[in-house]
Amino acid sequence: MSHTVVKHTGSHYLVSPLPLWEPVPCVVRGKIRLKGSATTNPIAVGDKVEVTDGVITVVHQRKNYIIRKSSNLSRQEHIIAANLDGAFLIVTMVLPETRWEFVDRFLMTCEAYKIPVVIVLNKIDIQRKLAPKVIARFKEVYEGAGYPVWETSALTGEGVDRLRKAICNQSNAPVRGGRVSLFSGISGVGKSSLINALGCDLTLRTGVLSDYHLKGKHTTTFYEMFPVADGFVIDSPGIKGFGLVEVGKEEVYHFFPELFKAAINCRFNPCTHTHEPDCAVMDGLNKGIISPERYDSYVKILEEENGKYR
Ligand code: GDP
Ligand code: ZN
């Protein structure tokens, strides 16, 4: 029977036949082959699997996935979540400050895997008072780049209904009510508070189910999915950064939509958009069509990619 992995703790998994929420424990024996793929990556939350007698026998090909940034030394991918219908990046400009480069790296990952993303500016109640100029600029830059920026407050409830509707919206989901979204953002931006404000029944979280075999183990650092309204949310606690595999430096600009769009008119191809004559990206930057904030992130990521090949 087809199931979705909703929690992963070491060698144990919880799976549920989404959109039904009936998590049951199961295990994997030995190495499992991913259907249609040569890799033997560990199974991730969101993976679609076949289960026979409590054993995962088949992992279906992923339509997309997000990986955690890995150290330069290890080439290993750490898959955070698979088969996402959408992502919500929760940010705050103050208390705590989300670095814009972090936002850009997250957006780049979503672009690479074609995951629709909404930026959620939370704690808007205090952001407006403490950092009005910064939030105005933030909205200008990211809306200008083509991303929706929504304002919410878990405290006052502002914008929460809109968020709930988007979580349930089935436009991209294969099954009615089966939409799976990633909730991401640095620690302290209000992810848990928002999830509570959305009316998530926390007793449905697998962490508090009586998964007896997990007792005494650390379960907090693992990713899990849980029902929110009519959809499902994967919480990703304590993320420091995202990594991208299989992206060469000459391709980085492909994942900055506004740079990609401008680059059609560059004189040279390939163009790094850093020093070439008649570069349409640098032209856009000079004309204020491309923001210096986004462009700086692009250059930083590019330099990092350069470093990899030294
Ligand atoms: P998480 O680490 O992203 O899950 O963040 P939490 O949900 O634990 O929230 C961190 C702190 O911010 C808590 O003290 C919350 O009460 C507070 N907080 C969360 N959302 C809001 C908000 O919309 N407005 C204000 N003023 N505080 C908030
Ligand atoms: Zn160029």
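Read the numbers this way: they start at 1 and go in the same order the structure lists the ligands and their atoms. All of these numbers come straight from a predicted model, not from anything done at the bench.
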Exercise for review: For the pair Glu22 (side chain) and Pro17 (backbone), establish whether a donor and an acceptor sit closer than 3.5 Å, ignoring hydrogens and angles.
Suggested key: no
Point to revise | For atom 11 (C) of ligand 1, closest protein heavy-atom neighbour | key: Lys123 NZ, 3.8 Å
Point to revise | Sequence neighbours excluded, every pair satisfying ring-ring contact (aromatic ring centres under 6.0 Å, His included) that has a member inside residues 267-292 | key: Tyr253-His273
Practice item. Looking only at distances, please establish whether an N/O atom of ligand 1 is found under 3.5 Å from an N/O atom of Ala154. Key: yes
Review point. Closer than 2.8 Å to the Zn ion (ligand 2), how many protein N/O/S atoms do you count?
Key: 4
Practice item. Say whether Ile124, considering both its backbone and side-chain N or O atoms, lies within less than 3.5 Å of an N or O atom on ligand 1. Key: no
**Study point:** Ion pair Arg105/Glu101, N-O distance below 4.0 Å
**Key:** yes
**Study point:** Heavy atom of the protein closest to atom 13 (C) of ligand 1 (residue, atom name, distance)
**Key:** Ser193 OG, 4.6 Å
Check your understanding: Atoms of ligand 1 less than 4.0 Å from Asp125 heavy atoms?
Key -> 22 (C), 23 (O), 24 (N), 25 (C), 26 (N)
Review point. Identify the closest protein heavy atom to atom 2 (O) of ligand 1: which residue and atom is it, and at what distance?
Key: Gly188 N, 2.8 Å
Point to revise | SB check Asp104 Arg99 (cutoff 4.0 Å) | key: no
Review point. So is Gly185 close enough to ligand 1, meaning a heavy atom under 4.0 angstrom away?
Key: no
Review point. Under 4.0 Å between a Lys/Arg side-chain N and an Asp/Glu carboxylate O for Asp296 and Lys300?
Key: no
